[in-house]
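The sequence lines fix the lettering, A, B, ..., with proteins before strands; numbering per chain opens at 1.
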Protein chains: 2
Amino acid sequence: MQILEWLKEPEKHFPPHETLKHFNDGVCVTYIQEKSGLSQSTISTYLTNMEKCDLLISTRHGKWSYLKRNEKMIKAFADFIT
Amino acid sequence: MQILEWLKEPEKHFPPHETLKHFNDGVCVTYIQEKSGLSQSTISTYLTNMEKCDLLISTRHGKWSYLKRNEKMIKAFADFIT
DNA sequence: CAAATATATCGACAATTCTCGATATATGGA
DNA sequence: TCCATATATCGAGAATTGTCGATATATTTG
């Protein structure tokens with residue numbers, strides 16, 4: 001939930017990326033890990049699972065993975081519960 | 001989730017109540033328990049917790065407690081995640 | 001008020017999830 | 001090709017949640 005919330009507005013919660021100059025594909029794993037305070041392995045597992053659930057979309061740029069919200073799935077879930 | 005889904009359309013998932021002739025206040029604990037296949041204590045705990053979370057609204061009529069969805073809270077949650 | 005029925009609470013064990021460190025894999029650069 | 005950095009996977013123990021039976025409380029009815 002917290003991660004999904006952060007990713008609503010990446011520019012408000014994360015520093016700018018050094019190579020990419022935008023958040024079009026979301027935020028890299030390292031930034032999310034640092035902000036969460038959890039270990040690298042824990043966050044990696046979270047993000048992988050969330051991607052498997054289609055809550056997040058992952059895009060690789062070189063050695064970095066960027067994560068963004070999958071608004072389509074999130075909307076579908078919101079619609080389902082209401 | 002399952003309970004919340006059933007309570008979207010009580011008439012589709014539960015038999016009519018014997019005293020009350022409507023589902024205006026939702027469904028009684030016993031019916032939910034029977035449909036779930038879980039024990040009475042488990043379901044009672046679930047429903048109590050869900051009420052504490054404001055996901056459900058509980059109304060007592062005599063010796064029966066009726067549970068219905070709290071659409072306001074559910075909507076607020078749906079809005080929050082989207 | 002006693003009995004019957006509906007629901008709630010308690011204590012305990014089982015099952016699942018959380019979280020980590022260690023280690024493996026992937027990628028770009030010297 | 002070797003190293004440094006980024007991310008993924010594994011195995012294990014801690015923490016939380018799921019679930020139950022037993023029992024307590026509430027409510028109606030005889």
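- Residue-level contact check: B:Leu38 touches the backbone only, with heavy atoms under 4.0 Å from sugar-phosphate atoms and none from bases.
- Side-chain contact between B:Val29 and B:Ile43: present, with at least one pair of heavy atoms (C-beta onward) separated by less than 4.5 Å.
- With hydrogens and angles left out, the side chain of A:Ser39 and the base of C:dG21 share no donor-acceptor pair within 3.5 Å.
- Closest contact between the side chain of A:Trp64 and the listed nucleotides C:dT19, D:dT7, C:dT7 involves D:dT7.
- In this entry the distance linking CE of B:Met50 with P of D:dG18 reads 11 Å, nearest Å.
- Judged by distance alone, with hydrogens and angles left aside, B:Thr42 brings no side-chain donor or acceptor close enough to the base of D:dG18 to form a pair under 3.5 Å.
- Straight-line distance from the CD1 atom of B:Ile3 to the C1' atom of D:dG18: 13 Å, rounded to whole Å.
- Across the interface with DNA chain D, nearest-nucleotide mapping of A:Thr45 and A:Lys63 shows A:Lys63 to be the residue nearer the 5′ end.
- Per the geometry, CG belonging to A:Asn49 stands 11 Å off C1' belonging to C:dC18, to the nearest Å.
- Between the P atom of C:dT9 and the CD atom of B:Gln33 lies a distance of 16 Å, rounded to the nearest Å.
- Rounding to whole angstrom units, CD1 of residue B:Ile32 and P of C:dT7 are separated by 9 Å.
- One interatomic measurement links the two molecules: CD of A:Gln2 to C1' of C:dT19, which rounds to 17 Å at whole-angstrom precision.
- By the 30° and 60° cut-offs, the orientation of the rings of A:His17 relative to A:Tyr66 is perpendicular.
- Both A:Gly62 and A:Ile43 sit near DNA chain C, but only A:Ile43 has its closest nucleotide nearer the 5' end.
- The side chain of A:Ser41 lies closest to C:dG21 when the candidates are C:dT9, D:dA8, C:dG21.
- A heavy-atom distance below 4.5 Å is found between the side chains of B:Thr30 and B:Glu34.
- B:Gln40 contributes a side-chain N or O that forms a donor-acceptor pair with the base of C:dA8 under 3.5 Å.
- At most 12 heavy atoms of other shown residues, nucleotides or ligands fall within 6.0 angstrom of atom CD in B:Glu18.
- Rounded to whole Å, atom P of D:dT17 lies 14 Å from atom NZ of B:Lys52.
- At the phosphate of C:dT7, OP1 or OP2 sits under 4.0 Å from a side-chain N or O atom of B:Thr30.
- Distance A:His61 NE2 to D:dT7 C1': 15 Å, rounded to the nearest Å.
- Annotation: the span from B:Leu4 atom CG to A:Thr82 atom OG1 amounts to 11.5 Å, rounded to 0.5 Å.
- Considering only the side chain of A:Arg60, C:dT27 comes nearest among C:dT27, D:dA8, C:dT7.
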